[in-house]
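Data first, discussion second: the structure below is written as structure tokens.
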Amino acid sequence: MTLHIYNTLTRQKEVFRPIIQGNINMYVCGVTVYDLCHIGHARVLVAFDVIARYLRSQGWNLNYVRNITDIDDKILNRADENAELYSVLTERMIDAMHEDERLLGILPPDMEPRATAYIDEIIAMVGVLIDKNHAYAAENGDVYYRVSSFSDYGKLSKRNPEDLLIDARIDMNLSKEDQRDFALWKSAKTEEVSWNSPWGSGRPGWHIECSAMSTCCLGATFDIHGGGPDLPFPHHENEIAQSEAATGEKYVNYWMHAGAVRVDDEKMSKSLGNFFTIKEVLKKYHPEIIRYFLLSSHYRSPINYSEKSLIEAKTGLERFYMTLRQFPDVQSLPLNDLKNRKYYKCFILAMNDDFNTREALAVMYDMIRQINTLAVTDKAEACLLVGELKTLGDIFGILDSNPEVFMQGGTIVDALDSISSSEIEALISERITAKKNHDFLDADRIREKLLAQGIVLEDSREGTSWRRG
RNA sequence: GGCGCGGUGGCAGAGUGGUCAUGCAGCUGACUGCAACUCAGUGUACGCCGGUUCGAUUCCGACCCGCGCCUCCA
């Protein structure tokens, strides 16, 4: 039952071996806060949230660090466009991000370092790189990393440094010794946000903040470094170059990258403008539906965001809640009580295989069928299984809503626009009276009327319950 | 062009050298006043061509197709 993780560095699944027994240090590249978070951010956030929850559930002592990049060209440009202070912009976006996380049930990381709080450490690291001849201050005031000085350059993204040379940009930067070199420190133009440094006032380049913050928070070498699909090159490649050149140690043991989110089968990107913010999506779908959608395929696979796939996620989750509805009082079981339980072991097997949430979900569906069968034959065993299921739900951050509320809420916006609960209840009691009088024509008329408004009635021995379809 | 990923049944999506993924949708039966829910049963599958093998969807090679990164993007 060992944990296997797919490592981008070696392009294969490897047995996970921690640096210090029982401990895991994990750094995930967070958000550059110049705009609202979109569904792509949600994927990375949820994926690593579940990974963190799972690792902790298995007894690992996890230190989870996720940074915030709050100084960068995009931020300065946006603040300029908005005619506001860059820090006003970043504070607003950080608040918005935290709200998104809270709504999506994403647990806060243990540390959330911000680039602007680590300027001294960044400057120190740049200094070390210059001292070691891995970087140089150009006459324009910028400091560049000397790519040719790092023989392992390209090892993560499997790029040949020679090829990158041929590939050099059309807009040549004459201050660079080599067009592949990238900025560690950017000199300030007039009236720009800046900090003093040995190379004049300026600000950090992209990449160096993550090297500095991860090293400060977790040490020169740590276990896991994660991020989005577009980060292996150049961001993480450059992080490796910076950190390994500065410390002389291996930077990261396991690199993990999430797959891309596509929208209606097209690449989602800022330039295409086809991205959805988390806030937009949350207006239409319950947060757990979004989590379920994200977990319904493996974290490395591309995933397609569409109306259809979200509705499918909704239907899938409803199957769980339909069952949970029969056991409103059952709580999650302590993990220790599950160690020898059949389904739990299957779940662990799936998750230990590079966090195969889809496979794990299949186990949970097996449990549902089992619970529905036992619900009439062996209530006590059914309750045990429900507790077990809810514990697994806790690891995924789902199944924690009140089933009745979940089923009756439907999609959030729809629920607000349509028929109210009290109207529904009134019609249901009207129908019960009709049924008692064997006036099935009238009873069916009421049921049809509600169905036309998306309300599905379910009769059982205990009475009639309803849900928004 | 360089590097990399993938093509699974109506759809979504796991996985495996020779028995089941799973969910949705479909069909049949049970339950129900009729439905819905639920349960039981059931059908359809591994891009194409070769090779290895007793046997390949799974391993190897070629081909076709789709996608990603190489530029800001999680």
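To find a chain, count down the sequence lines: A is the first, B the second, and so on, and within it residues start at 1. Values below: every heavy atom of this structure, side chains too, minus hydrogens, waters and symmetry copies.
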Write down the distance separating the [atom1] atoms in [N] and [M], rounded off to the nearest Å.
{"N": "A40(B)", "M": "C24(B)", "atom1": "P", "value": "12 Å"}
{"N": "C59(B)", "M": "C65(B)", "atom1": "C1'", "value": "22 Å"}
{"N": "G10(B)", "M": "U71(B)", "atom1": "P", "value": "41 Å"}
{"N": "C46(B)", "M": "U57(B)", "atom1": "P", "value": "8 Å"}
{"N": "G13(B)", "M": "A30(B)", "atom1": "C1'", "value": "30 Å"}
{"N": "G47(B)", "M": "G29(B)", "atom1": "C1'", "value": "38 Å"}
{"N": "A74(B)", "M": "G66(B)", "atom1": "C1'", "value": "23 Å"}
{"N": "A62(B)", "M": "G50(B)", "atom1": "C1'", "value": "8 Å"}

Under 3.5 Å on both distances, the Watson-Crick or G-U partner of [N]:
{"N": "C11(B)", "result": "G23(B)"}
{"N": "G50(B)", "result": "C60(B)"}
{"N": "C39(B)", "result": "G29(B)"}
{"N": "G66(B)", "result": "C5(B)"}

_Among G23(B), C37(B), A74(B), the one nearest Arg467(A) by side-chain distance_ = C37(B)
*Apply the salt bridge (charged side-chain N to carboxylate O under 4.0 Å, His left out) test between Arg203(A) and each candidate in Asp70(A), Asp142(A), Asp73(A); give the one that qualifies.*
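Exactly one option meets the salt bridge (charged side-chain N to carboxylate O under 4.0 Å, His left out) with Arg203(A), and it is Asp73(A).
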*Flag the pair Arg92(A) and Glu99(A) as a salt bridge only when some basic side-chain nitrogen lies within less than 4.0 angstrom of an acidic carboxylate oxygen.*
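Looking at Glu99(A) together with Arg92(A), the answer is no, because their closest N to O distance does not fall below 4.0 Å.
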*asked:* Would Arg66(A) and Phe48(A) count as a cation-pi pair here, with the cationic atom under 6.0 angstrom from the ring centre and within 45° of the axis?
replied: no
*asked:* Quick check on G23(B): is either OP1 or OP2 less than 4.0 Å from any side-chain nitrogen or oxygen of Arg358(A)?
replied: no
